[in-house]
There are 2 protein chains.
Amino acid sequence: MDAALQAIAEPRRREILRLVWRNELPAGVIASHFSVTRPAISQHLRVLKEAGLVEERRDGTRRLYRARPEGLAELRAFFESFWDDSLDRLREAAEAEQERMNRNASDRDRN
Amino acid sequence: MDAALQAIAEPRRREILRLVWRNELPAGVIASHFSVTRPAISQHLRVLKEAGLVEERRDGTRRLYRARPEGLAELRAFFESFWDDSLDRLREAAEAEQERMNRNASDRDRN
DNA sequence: GACTTACGTCAGCGATCGCTTACACTTGCG
DNA sequence: CGCAAGTGTAAGCGATCGCTGACGTAAGTC
């Protein structure tokens, strides 16, 4: 999960992800969309693959890539939980903190 | 927007974001949740602030931080568009690519 | 004015990142 | 087998990252 977040933090990798979102594309074609060299894209593809956001299929000498729905679903689920959990699951902890902070403040005021 | 993505790619910053999600907290209290030094957290707070994900309010010597709803909304909107756009808006481009790829393939087969 | 509290900032360090160039590998074809 | 196409891998480089330790600063306390 952490790997997926790291992966999409990089603009070029997000672009790659969009390119292979629905249709699989060979590495060379993907690389041709960018100004950087082909090995650079190859490395980005590796990062995306290890993050589970992309999957590779071999066809002769070509390697076809496409977005991996499961990985994207995980990522999406994480964000939704990030929004919801932070509101609910961590409220008590935060309130305890707020309380602790107030106590410290009143300690300070009392002295 | 890019700054916001970069900001949440870092685990500690996500934790900070959760801490100040609903209640504002002074920098020192935030720092006390982590094993790294206070300056490190101060720097993380700066990144979050410059990404528009957090806002700062001063109260005496203390600086209170809390999540910035507008920034979070932007981030959320981006992800939703990322999911939707990639399915619809970029489909033609991807199909054109697929077509180009197929043409290349048949060129190759023909030779 | 001296001191304390609660911070941010700066310099520097090791680690990691994204990139390029050079090379290795695999598949298919004559 | 020899060769070309398509691609991954390795080494190395400059830039950036996250961190620490030392220092600077602004607001309250005596």
Side-chain angles (χ1 to χ4, degrees), chain A residues 2-3 5-17 20 24-51 54-66 97 100-111, chain B residues 2-3 5-17 20 24-51 54-66 97 100-111:
Chain A
D2 216 273
L5 278 165
Q6 199 98 9
I8 60 160
E10 155 64 57
R12 244 176 285 271
R13 283 197 287 263
R14 286 198 301 274
E15 290 254 355
I16 292 176
L17 211 46
V20 298
E24 55 182 8
L25 247 46
V29 173
I30 297 171
S32 70
H33 281 74
F34 300 93
S35 55
V36 298
T37 57
R38 198 188 43 70
I41 301 301
S42 188
Q43 285 156 13
H44 282 310
L45 284 168
R46 172 143 73 129
V47 173
L48 286 168
K49 189 170 134 196
E50 283 173 355
V54 138
E55 60 192 358
E56 173 200 310
R57 182 174 73 90
R58 308 203 180 185
D59 166 40
T61 69
R62 298 187 309 172
R63 303 209 185 177
L64 304 170
Y65 291 89
R66 84 172 143 201
E97 272 315 316
R100 188 158 85 85
M101 188 187 99
N102 292 342
R103 256 203 316 282
N104 289 352
S106 38
D107 285 357
R108 203 187 50 246
D109 295 346
R110 212 177 298 109
N111 299 345
Chain B
D2 216 273
L5 277 165
Q6 198 98 10
I8 60 160
E10 156 63 59
R12 244 175 286 271
R13 282 196 286 262
R14 287 199 300 275
E15 291 253 356
I16 293 176
L17 211 46
V20 299
E24 55 183 7
L25 247 48
V29 172
I30 297 171
S32 70
H33 281 74
F34 301 92
S35 53
V36 297
T37 57
R38 196 187 45 69
I41 299 302
S42 189
Q43 285 157 12
H44 282 310
L45 285 168
R46 173 144 71 131
V47 173
L48 287 168
K49 190 170 132 195
E50 282 173 356
V54 137
E55 59 193 359
E56 174 200 311
R57 182 174 73 89
R58 308 205 180 183
D59 167 40
T61 70
R62 298 187 309 172
R63 302 209 185 179
L64 304 170
Y65 291 89
R66 85 174 141 200
E97 271 317 314
R100 186 158 85 85
M101 189 187 98
N102 292 342
R103 256 203 317 281
N104 288 353
S106 36
D107 286 355
R108 201 185 51 246
D109 296 348
R110 211 176 298 111
N111 300 344

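All figures in this text were calculated on a predicted structure; none of them were measured in a lab. The figures that follow rest on heavy atoms only: side chains count, while hydrogens, waters and symmetry mates do not. Chain identifiers are assigned alphabetically (A, B, ...) following the order of the sequence lines, protein sequences preceding nucleic acid strands; residue numbering begins at 1 within each chain.
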Is there a side-chain contact between [X] and [Y], using heavy atoms and a 4.5 Å cut-off?
X	Y	answer
Asp59(A)	Arg63(A)	no
Tyr65(B)	Arg57(B)	no
Leu64(B)	Leu25(B)	no

The side chain of Tyr65(A) is closest to which nucleotide in this list: dG8(D), dA26(D), dG8(C)?
dG8(D)
Please pick, from dG6(D), dA6(C), dG8(D), the nucleotide with the shortest atom-to-atom distance to any side-chain atom of Arg62(A).
dG6(D)
Give the rounded distance in Å between these two atoms: [atom1] of [X] and [atom2] of [N].
X	N	atom1	atom2	answer
Glu50(A)	dG18(C)	CD	P	13 Å
Arg57(A)	dG6(D)	CZ	P	16 Å
Glu56(A)	dG6(D)	CD	P	16 Å
Leu64(B)	dA26(D)	CG	P	19 Å
Ile30(B)	dC7(C)	CD1	C1'	12 Å
Asp59(A)	dT27(C)	CG	P	12 Å
Arg63(A)	dG8(D)	CZ	C1'	6 Å

Quick check against the 3.5 Å criterion: does Arg62(A) have a side-chain atom that pairs as donor or acceptor with the backbone of Pro26(A)?
no
Taking the side chain from Arg14(A) and the backbone from Ile8(A), do they hold a donor-acceptor pair closer than 3.5 Å?
yes
Decide yes or no on salt bridge (Lys or Arg N to Asp or Glu O under 4.0 Å) for Glu55(B) and Arg66(B), but give the supporting numbers first.
CA-CA 6 Å; Glu55(B) 59 193 359; Arg66(B) 85 174 141 200; 3.1 Å; yes
Can you check whether Arg46(B) has a side-chain N or O nearer than 4.0 Å to OP1 or OP2 of dG8(C)?
no
Strictly below 4.0 Å: does Ser42(A) bring a side-chain N or O up to OP1 or OP2 of dG8(D)?
yes
Rounded distance (nearest 0.5 Å) linking atom CD of Glu56(A) with atom CD of Glu24(A)
11.0 Å
Below 3.5 Å between N/O atoms, which protein atoms pair up with nucleotides 17-22 of chain D? Just atom names and distances, please.
residue, atom, partner, partner atom, Å
dG18(D), OP1, Glu10(B), OE1, 3.4
dG18(D), OP1, Arg13(B), NH2, 3.1
dG18(D), OP2, Arg13(B), NH1, 3.3
dC19(D), OP1, Arg12(B), NE, 2.6
dC19(D), OP1, Arg12(B), NH2, 2.7
dC19(D), OP2, His44(B), NE2, 2.3
dT20(D), OP2, Thr37(B), N, 2.7
dT20(D), OP2, Thr37(B), OG1, 2.6
dT20(D), O4, Gln43(B), NE2, 3.2

